[in-house]
Asks: 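Below: one structure in C-alpha cells.
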Amino acid sequence: MKKALLSAACLGTTTVFAQVKDTLQTKNVDEVVMTASRKKENIKEVPSSITVVGEKQIQSQLTVNSDITSILQYTVPSLGTNSGQTSNSGQTLRGRQVLVLIDGIPQSTPLRNGARDLRTIDPSAIERIEVIKGASSIYGNGADGGIINYITKRNKSDKKISGISQIGLTGQPYGGTLGVRASQLLSGKINKFDYTLSLAYERTGYTKDGDGVLISPTYSIAKMDNYNGLLKVGYDINENQRIEASYIGYSSRSDLNVGLKTGKYGITPTIGEGIGKGLETTPQGTPKNHNIRVSYDNKNLFAGTSLNINLYYQDFKTVYGYSDTFFNGGQSNVISKKAGARFNFDTQLWNSANSQAEIIYGADILNDETVQKLEDGRFWTPNMSMTNIAPFVLAKIDLFKKFTIKGGLRYENIKVNVDDFNTLSTLKSDGTFTKSIPVAGGKLSYNALVGNIGLRYNIEPYINLFGSFSQAYSINELGRILRTSTSETINSLETKPIIVNNYELGATGQLSSWLNYELTSYVSTSKLGASFVQSPDRALMIQRSPEIVYGVEGFLHFTPTKWIQFGGSYSWMEGITSVKDDGDYSAKINNSRISAPKVLAYVQARPVPALSVGLDMLHSFQQNRFEPNAKTGLYAYGEGYVPEYTIFNFKSSYEVSNNWRLSLGIENLFNKVYQPAISWWTARDSDFTNALGLRGTFMIEYKF
C-alpha cells in the first residue's frame, strides 16, 4: 500500500505552478539557508524542498496585511490558508503540525498546542523566513510537517547608525475600521560591536466583511494592540570568534467589546453585534512572548572544527476569550516556559578539488514546562514538564560540485513529569456537565533513534534532482489527552509519541535565463498519528491511528524582462487513515489537517525605475471529501464541505527619493464576500464567519 502510494505521488506530477516571488531581484537558486542543516549552506546543496521568503517579499506582503499568517499563506504553497483570526488552527504544513522557531528558539507548544505559535513576532523584525517542508527531527519535538524558522534582522553595514522608519494607516470603506502602524529599525557597528534595534506597534480598528458587517468577536484581531521589540548585540572577539545576545518580546491584547450573534452554518454568518457581556478578566491575545538567546561561534576551534553554542529561554502566555462551556464559566490560557541549549560542532573531514566532506555533531538539551489553566486558577491540564536530551550527528559529502549526499541520526531521550490534577467539568452536548475526577500523575519516558538521508544531483542548470527520507518524533497534544481523561491514572492513557516517516522526490532547475521551476512529490506515514475527531456526543477527542499523507506541489517563475516577472504555485494533498489499525485505509483524515488544493499566482512590474506595482491571487479549490450524517444532515467536525474562493491583493510602492518611499496595498481588492476554509470545515454555527472585506494600507518609509 505504502509503495503504491509513493509511486503514485512521485509520478502524478504533471501540472504545477509557481512558488510566489514578488521582487525583481535574485532568484531563489542562489539563496543561502541555515535551518535545514544547522549551518549556512547554499540552497542548491539541500536534498529537499525549501521555501525561503526573503526580506523584500515580507516587506511587500506587509504592505497588504501585517498578519504573519497571511504573509505565509501567500508565499508557502503547501501551507493551509489562514483563518483571519488570532488562531492558526488548520494552517498545517503538508497536512501535519509545524514547528515554529524564532532564530532557532521553539515557539510551538506541542505538549498543548494552542494554535497561537505562528503569530508570535511582528514581520517588521524578520529578515527572512525559512520553511523546511516535510518531517524533521533536527530541532526536536513538534516538526511532523516541517519547520518554519523566522530569522530576525541583523546589522548589515559598517555605519555607526542606519535605520528605517515606517508609519502607516489601515482602513476599510466603513466607519470605525481605521488602524495605525509604526515601526523603527536602527542598526550599526562601532569597532567590534554591532547592534540591531527594532520596535513596532500596531493598533487595529474594527474588522468588517465585504457588506460592512462586524466580523465575529471570537478569536478576533479587531481593536487589538500589538507590540514587538528586538534588541540584538554582537561582539567580534577576533576573526574567528563571535558572541551575540538578543532579546525579542511580543505582546498582543484586544479590548474589543462586541456581542456575538450566532448564525446558521452554511446559511447565515455569525457576526458581531451590540455590546459584549464583559465577562473577560483578561484581554484575549498573547500578553507575553519573551525570547532570550546567547550564542557563541568559533570558526576554528581545532583541526578544521568550528563550534556553535546557543543558549535560549522562552516565556510564553496566550489567553482565549470567555466561554460558558466551563462549569461556572471561565477563560482559558496556555502558559509555556522553555529553556534549552544547543551544542554544534562542525568538522571538515577533507576538502579536495573534486570532493568535500564534513560532519556536524553535538547535542540538544530542552526543558519545556507547559500548562493550560483558566484565568481563575483552575487547571484544565496538569503541569507538564518535559526534558529532552538528544545527541545527534549529520554527515555531508559533495562530489564533483554536482552530487550531494546528506544523512544524520538523532537519539531522542524524553522524560515527562505530570502533576496530579482534577479534570475540569465541561459542558456536554446534552446540556449537562462532565464530572470532575482526580487523576494521579506520574512519569512518562520516550526513547527513539530517528534519522534522515538525502541525495541531490545537480546534473545541469536546467535539471537538478533530489530525493530524501526523513523522520520526526513528537509528543503531541499530551495535554488534550490528559484533560479529557476518564481514568484515574495517566498510565492507562494512550500517550505514545508520533513518529513520522517522510519520503520526498523532486526536480528543480533553470530552463533559461528567465524561467525556473520546482516540482516535488511526497508521502509521509505514521504508525500512530493524532487527529481531532468528533465523538458521538459531538465532543472533540484525539483519534490515534495509522496515517498516510501524500501530495504534490511545484512552482514556475518567469522573468522575461528586467521590468516584469510573474508566476505561480500549485499544491495538492490527501490523507488517509486506518481507524481500526487493520490495514483498511478507506477512511480519510479530516479537513482540519488536509487543506484544499491551492493555487498562488502573481505578477510584479516596474514600468519606471521608481514605481513597482503587483497583483497577487490566491485560489482555494473546493473540498468535498465527506458526507453529512444521514439522519441529522449535519457534518461532523472537520468534515464540512468547503467551497472554492478566489482573492486578489494589490500592492505598490513609489521611490520618491533615495530616502523616501510610499506604499499602498489593498487586501481583497474586489471586496469579495466569502468565508475562509475554517468556517466551513468546522461545521459549527458559531464558527461560520465571513472573511475580511476590502482593506487598504498606506505607508510612508524613511531610510537613512
Asks: For T69, is there any backbone N or O sitting under 3.5 Å from a side-chain donor or acceptor partner on Q91?
Replies: yes
Asks: Counting C-beta onward and ignoring hydrogens, is there a side-chain heavy-atom pair between N289 and R116 closer than 4.5 Å?
Replies: no
Asks: Would you indicate whether K288, at its atom NZ, is surrounded by more than 12 heavy atoms from other residues, nucleotides or ligands within a distance under 6.0 Å?
Replies: yes
Asks: Looking at S137, is its backbone amide N or carbonyl O close enough to the side chain of R410 to form a donor-acceptor pair, meaning the two atoms are under 3.5 Å apart?
Replies: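 Side chain of R410 to backbone of S137, a donor-acceptor pair under 3.5 Å: yes, one is there.
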Asks: Which heavy atom of Y522 sits nearest a heavy atom of W572, and at what distance?
Replies: OH-O, 3.8 Å
Asks: Quick check: closest heavy atoms across D297 and N308, and the distance to 0.1 Å?
Replies: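 Here D297 and N308 meet closest at OD1-ND2, 2.8 Å.
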Asks: For S66, is there any backbone N or O sitting under 3.5 Å from a side-chain donor or acceptor partner on S70?
Replies: no
Asks: Got a donor-acceptor contact below 3.5 angstrom from the T92 side chain to the R593 backbone?
Replies: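 Judged by distance alone, yes, a pair lies under 3.5 Å.
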Asks: Check whether any side-chain heavy atom of S663 lies under 4.5 Å from a side-chain heavy atom of Q166, and answer yes or no.
Replies: no
Asks: Looking only at heavy atoms, what is the nearest atom pair of T63 and T697, with distance?
Replies: O-CB, 3.0 Å
Asks: Indicate yes or no: does E55 engage K153 in a salt bridge with an N to O separation below 4.0 Å.
Replies: yes
Asks: Which atom names give the shortest non-hydrogen contact between P123 and I58, and what distance separates them?
Replies: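 Scanning both residues, the minimum pair turns out to be O-CG2, 3.8 Å.
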Asks: Answer yes when R242 and D194 have at least one side-chain N-carboxylate O distance shorter than 4.0 Å, and no when they do not.
Replies: yes
Asks: Can a salt bridge be assigned to the pair K396 and E45 using a cut-off of 4.0 Å between side-chain N and carboxylate O?
Replies: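 Answer for the salt bridge query: yes.
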Asks: Where is the tightest heavy-atom contact between I678 and S89, given as atom of each residue plus distance?
Replies: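 It is CD1-O, 3.7 Å.
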Asks: Under a 4.0 Å N-O cut-off, is there an ion pair linking R38 with D364?
Replies: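 Salt bridge: yes.
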Asks: Are R154 and E244 within salt-bridge range, i.e. N to O under 4.0 Å?
Replies: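 Looking at R154 and E244, the cut-off is not met.
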Asks: Please step through salt bridge (Lys or Arg N to Asp or Glu O under 4.0 Å) for the pair R181 and D122, ending with a clear verdict.
Replies: CA-CA 11 Å; R181 175 180 175 81; D122 189 87; 2.6 Å; yes
Asks: With the side chain counted from C-beta on, respond yes when R456 and K406 share a heavy-atom pair under 4.5 Å apart, and no when they do not.
Replies: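 Sidechains of K406 and R456: no contact.
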Asks: Quiz question: by atom type and distance under 3.5 Å, do the side chains of Y570 and H619 form a donor-acceptor pair?
Replies: no
Asks: State whether the side chain of T508 and the backbone N or O of N464 hold a donor-acceptor pair below 3.5 Å, judged by distance alone.
Replies: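 No; zero donor-acceptor contacts below 3.5 Å.
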Asks: Just by distance, do the side chain of T196 and the backbone of N155 share a donor-acceptor pair under 3.5 Å?
Replies: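 The answer is yes, because a donor-acceptor pair under 3.5 Å joins these two groups.
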Asks: Looking at I138, is its backbone amide N or carbonyl O close enough to the side chain of S136 to form a donor-acceptor pair, meaning the two atoms are under 3.5 Å apart?
Replies: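 At least one qualifying donor-acceptor pair exists.
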Asks: If you look at every heavy atom in G114 and V334, which pair is closest and at what distance?
Replies: CA-CG2, 4.4 Å
Asks: Is there a donor-acceptor pair closer than 3.5 Å between any side-chain N or O of Q510 and the backbone N or O of L515?
Replies: no
Asks: Which is it for R96 and E547 under the salt bridge (Lys or Arg N to Asp or Glu O under 4.0 Å) test, yes or no, and what are the steps along the way?
Replies: CA-CA 11 Å; R96 298 186 185 273; E547 297 176 345; 3.1 Å; yes
Asks: Would E518 and S49 count as a side chain to side chain donor-acceptor pair (under 3.5 Å) if you check the C-alpha gap in whole Å, the side-chain angles of each, and the deciding distance to 0.1 Å?
Replies: CA-CA 8 Å; E518 183 174 290; S49 178; 2.8 Å; yes
Asks: Is there a donor-acceptor contact under 3.5 Å from the side chain of Y150 to the main chain of V100?
Replies: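 Side chain of Y150 to backbone of V100, a donor-acceptor pair under 3.5 Å: no, none is there.
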Asks: Show, in sequence, the C-alpha distance, side-chain angles and deciding distance for E41 and K39, and conclude whether the salt bridge (Lys or Arg N to Asp or Glu O under 4.0 Å) test is met.
Replies: CA-CA 6 Å; E41 62 180 347; K39 64 164 292 183; over 6 Å; no
Asks: Are T370 and F316 close enough that some pair of their side-chain heavy atoms sits under 4.5 Å apart?
Replies: no
